[in-house]
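Report on the following structure.
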Amino acid sequence: MRIDVMTLFPAMFDGPMTESMLWKARDRGLLDLHLHDIRTFTTDKHRTADDIPYGGGGGMIMKAAPIVAGVESVLADAPPGTPVLLMTPQGRVFSHQIARELAQYERLVFICGRYEGIDDRVRQLVVTDELSIGDYVLTGGELPAMVMIDALIRHVPGVLGAEGAAEADSHADGILEGPHFTRPPVFRGLSVPDVLQEGNHAKVARWRREQGLRRTWAQRPDLLMRAELTEDEQYLLATFADEDAAVLAQANAG
Ligand code: ADE
């Protein structure tokens, strides 16, 4: 997959994109990352990428022309329908599902905003989707772009060691993953659950699913509204609810 990033700060990508999984993906030719400094698409001698807002108000606005020129130049040899993604807190909130969808494309273009915003004509002319990483405002779109690239590249076949490992992730099917353990079997008096040490794969799988459900119930009950659960799993959830009710009743009695 080839990813083009339009940014005023390409050096911000140096650390995250040259370490660990992302570097491996690049090294294996699975991620072809092109960072473009928006200033290289300016045409004046001061390389002006921003200007004051029409209508007044504070802050500077990123000019449309350099960004549109940059995006058009990278799209020139990209397949029709290549997504052009604007990083903005006004976008739809990025998710596991969106990461999986984006991983299907041969090419992606990311636009990282800075300052108070971007001239809206960029959005009108070249953007196909606006994405946010959450309901808070960052100083720019570079970190959101890196977050999204990291999350989506895991879904490109060959990037993760064990094929299909992304399918076991938290959020893959609306349920969080259960706890993980490695050696030693006892650490500071805390033991690894017996079931994980016994080698019965079916039992391990059932235990993991139950633990994942328990965590989701305790930490992200909102996810359960959308999760697809078997009858057994729905029964388990009902037992968690009963357990909670019993704890509450005891607390109230005490
Ligand atoms: N730019 C500034 N804040 C952002 C956010 N939360 N998500 C995406 N882009 C942003």
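When a ligand or atom number is given, it counts from 1 through the structure's own listing order.
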Those atoms of ligand 1 less than 4.0 Å from some heavy atom in Leu131: 8 (C)

Please find the pair of heavy atoms, one from Phe41 and one from Pro66, that lie closest to each other, and give the distance. CB-O, 3.3 Å

Within a distance under 4.0 Å of any heavy atom of Val137, pick out the atoms of ligand 1 and give their elements. 3 (N)

Close approach, Gly113 and ligand 1, non-hydrogen under 4.0 angstrom: no

Return the CG to CE distance between Asp37 and Met6, rounded to the nearest 0.5 Å. 8.5 Å

Backbone or side chain, does any N or O of Tyr136 fall under 3.5 Å from an N or O of ligand 1? yes

Just need the protein heavy atom nearest to atom 7 (N) of ligand 1, so name the residue and atom and give the distance. Ile133 N, 3.0 Å

May I ask you to list the atoms of ligand 1 that are less than 4.0 angstrom from any heavy atom of Pro144? 7 (N), 8 (C), 9 (N), 10 (C)

To the nearest 0.5 Å, atom CZ of Phe9 lies from atom CG of Leu35 at 14.0 Å

State, without any angle test, whether Glu142 and Thr7 hold a side-chain donor-acceptor pair at a distance under 3.5 Å. yes

Leu102 vs Phe94, side chain to side chain contact (heavy atoms under 4.5 Å, CB included): CA-CA, chis, key distance, verdict: CA-CA 11 Å; Leu102 292 177; Phe94 187 68; 4.1 Å; yes

Closest protein heavy atom to atom 1 (N) of ligand 1, given as residue, atom name and distance to 0.1 Å: Pro89 CD, 3.5 Å

Tell me the protein heavy atom at minimum distance from atom 3 (N) of ligand 1, and give that distance in Å. Leu138 N, 3.0 Å

Check if Cys112 has a non-hydrogen atom at a distance under 4.0 Å from any atom of ligand 1. no

Output the list of atoms in ligand 1 that are nearer than 4.0 Å to some heavy atom of Gly134, sorted by atom number. 6 (N)

How does Thr88 reach ligand 1, by side chain, by backbone, by both or by neither, if only non-hydrogen atoms under 4.0 Å count? backbone

Is a donor on one side and an acceptor on the other found under 3.5 Å between the side chain of Arg39 and the backbone of Arg47? yes

Leu176 side, atom CG; Thr216 side, atom OG1 - distance, nearest 0.5 Å: 3.5 Å

Holding to salt bridge (charged side-chain N to carboxylate O under 4.0 Å, His left out), I want the full list of residues that pass it with Asp120, two or more places apart in sequence or in another chain. Arg123

